[in-house]
Amino acid sequence: MHAVPLKFVQKRVQGGGHRGTNASLSLTSMIDFLVVTVVFLLMTFDASGEKPANKGVTLPPAENIQDMIDAPMVAVTGSLILVDGTPAGNTRAIEDSKRLQRVDELFNLLKGKRELWKQLHPGKEFPGVVVLQIDQEVQAIVVKSVFQTAAFAGYPNVSFMVNALPKTH
Amino acid sequence: MAGVSVDSGGKGGRRTTDSEINMIPMIDLLMVTISFLLITAVWTHMSRINADAQVPGPPRPDVEETKTEPEKQLHVEMRQPDHFTLVWKQSGTIITTIDVPRKDNIEKLQGNIKKVQFTELADKIESEWKTVGQHRDGSDKKFDQAILHTDNDTPYMFIIGVIDAIYRPKRDYTVGGKTEKMPAFNVTFAVN
């Protein structure tokens, strides 16, 4: 406190008769705390990157789950279908007709992705994996139509993206 | 030397190994690291539930087809509001039919997430697989097949609830000398 040259500032800092607002802090324990926090955060850090859910999609939770994989992401939000963020048709026709049907735009987009993958990886077997990101309130007919469209486009291995629940069994 | 002062006057002309670290940049570094890790931290963990569309591959004329006995399949029907029906079928022939009571308890979680769990159904499927399931050995590359029948209007969260219940029974699966636990069933949807 002697380092403050101005008397009125020194007085104000000291509290002018009141209790001072400054408190001393032990550097050792503060650095210990910071180091522990850094170590904890580093241990829980995942550099693989998490695919976030699209805006407006509330995923249902599930317990018996598997780790996420890198695959094309088909999101169904409201009546819109997106493949890796690119619009790929809508579900209105399915909801209106109440019949299982192929979504042509989705089919063409997925087929294009499959052909591109085959050109980029010649001689390798196509994994045929697609991840569906569907809102919890979407009707089963839409789910089945998107599922079937993906299968016909060459993606028979379909995964549903869910929120992970802690295991109870 | 900015930030680090090295005492060069050690005993016997040697440099001492101790050095003094400037606290301010060190605390700054720790704070920046903590901020970075907190900002990039993922608090919600996404996972997946697998399903198999059972689409046959292209015909393989070079591979000779061996005739095998048709396998038993578990059909899970969720069309009734008060019960599920589990039907074991073998090439269209019904072997057994079991009704399981259905209670649609929707639990609201954080962020408007609705949790639907069918514990009774999961228990029943697990006990059924233990008695009727055909692929239980770790070296068996095939899995038992479950087919889900649902109404067109059923919300997706109920479908996930049922698939989650079907995936409760686990079996060993050995690949390359490594054994891991895998769901005992493959799930697909009935078209009609």
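Any value given below was found using the heavy atoms of this structure, including those in side chains, with hydrogens, waters and symmetry copies removed. Sequence lines set the chain letters: A, B, ... in the order given, protein chains first and strands last, and positions in each chain run from 1.
Residue-environment remark: CG (A:Asp67) stays at or below the threshold of 12 foreign heavy atoms within 6.0 Å. Residue B:Lys178 places its NZ atom among 12 or fewer non-hydrogen atoms of other residues, nucleotides or ligands, all under 6.0 Å distant.
With a 4.5 Å cut-off on side-chain heavy atoms, B:Thr188 and A:Phe147 count as touching. A heavy-atom distance below 4.5 Å is found between the side chains of B:Leu109 and A:Leu165. Considering only heavy atoms from C-beta on, A:Val162 comes within 4.5 Å of B:Ile160 through its side chain. Side-chain contact check for A:Lys98 versus B:Asp153: some heavy-atom pair is nearer than 4.5 Å. The closest side-chain heavy-atom distance from B:Asn152 to A:Gln139 is not below 4.5 Å. Put simply, the side chain of A:Leu59 does not reach to within 4.5 Å of the side chain of B:Ile113, judged on heavy atoms.
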Using a 3.5 Å cut-off and no angle test, enumerate the donor-acceptor pairs between side-chain atoms of residues 122-132 of chain A and protein atoms at least two apart in sequence or in another chain.
none

Which atom pairs, donor and acceptor, lie under 3.5 Å between side-chain atoms of residues 73-80 of chain A and protein residues at least two apart or in another chain?
residue, atom, partner, partner atom, Å
A:Ser79, OG, A:Arg92, NH2, 3.2

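In this structure, the separation between CE on A:Met68 and CZ on B:Arg48 is 7.5 Å, given to the nearest 0.5 Å. Rounded to the nearest 0.5 Å, atoms CE (B:Met157) and CD1 (A:Ile134) are 13.5 Å apart. Once rounded to the nearest 0.5 Å, the distance linking CE of A:Met43 with CG of B:Leu37 reads 13.0 Å.
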Please evaluate residues B:Lys115 and A:Asn163 with respect to the criterion side chain to side chain contact (heavy atoms under 4.5 Å, CB included), reporting the C-alpha separation (whole Å), side-chain torsions for both, the decisive distance (0.1 Å), and the verdict. CA-CA 10 Å; B:Lys115 179 180 154 190; A:Asn163 280 308; over 6 Å; no
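Interface remark: B:Ile34 contributes backbone and side-chain atoms alike to the contact with chain A (heavy atom separation under 4.5 Å). Of the atoms belonging to B:Ile49, heavy atoms from both backbone and side chain fall under 4.5 Å from chain A. Looking at A:Glu95, neither its backbone nor its side chain comes within 4.5 Å of chain B, counting heavy atoms on both sides. Only the side chain of B:Ile163 comes within less than 4.5 Å of a heavy atom in chain A; its backbone stays farther off.
Formation of a donor-acceptor pair under 3.5 Å by the B:Asp164 side chain with backbone atoms of A:Asn64 is found in this model. A:Gln136 contributes a side-chain N or O that, together with a main-chain N or O of B:Lys114, makes up a donor-acceptor pair within less than 3.5 Å.
At a threshold of 4.5 Å between side-chain heavy atoms, the hydrophobic network of Ile, Leu, Val, Met, Phe, Trp and Tyr places A:Leu82 and A:Val138 in two separate groups. Grouping the Ile, Leu, Val, Met, Phe, Trp and Tyr side chains by contacts below 4.5 angstrom, directly or via other members, places A:Val83 with A:Val158. Linking Ile, Leu, Val, Met, Phe, Trp and Tyr whenever their side-chain heavy atoms come within less than 4.5 Å puts A:Leu100 and A:Val146 in one cluster. Under the 4.5 Å side-chain heavy-atom criterion for grouping Ile, Leu, Val, Met, Phe, Trp and Tyr, A:Phe40 is connected to B:Leu38 within one hydrophobic cluster. Cluster annotation: A:Ile65 and B:Tyr173 are assigned to distinct hydrophobic clusters (Ile/Leu/Val/Met/Phe/Trp/Tyr, side-chain heavy-atom contacts under 4.5 Å, transitive).
Of the listed residues (A:Ala62, A:Pro60, A:Ser159), the one with the most heavy-atom contacts under 4.5 Å to chain B is A:Ser159. Counting heavy-atom pairs closer than 4.5 Å to chain A, the top residue among B:Phe158, B:Tyr156, B:Phe36 is B:Tyr156.
The other members of the hydrophobic cluster of A:Leu116, by chain and number, are A:Leu120 (side-chain heavy atoms under 4.5 Å, ILVMFWY only).
Scanning residues 24-34 of chain A against chain B with a 4.5 Å non-hydrogen threshold yields A:Leu27, A:Met30, A:Ile31, A:Leu34, sorted by number.
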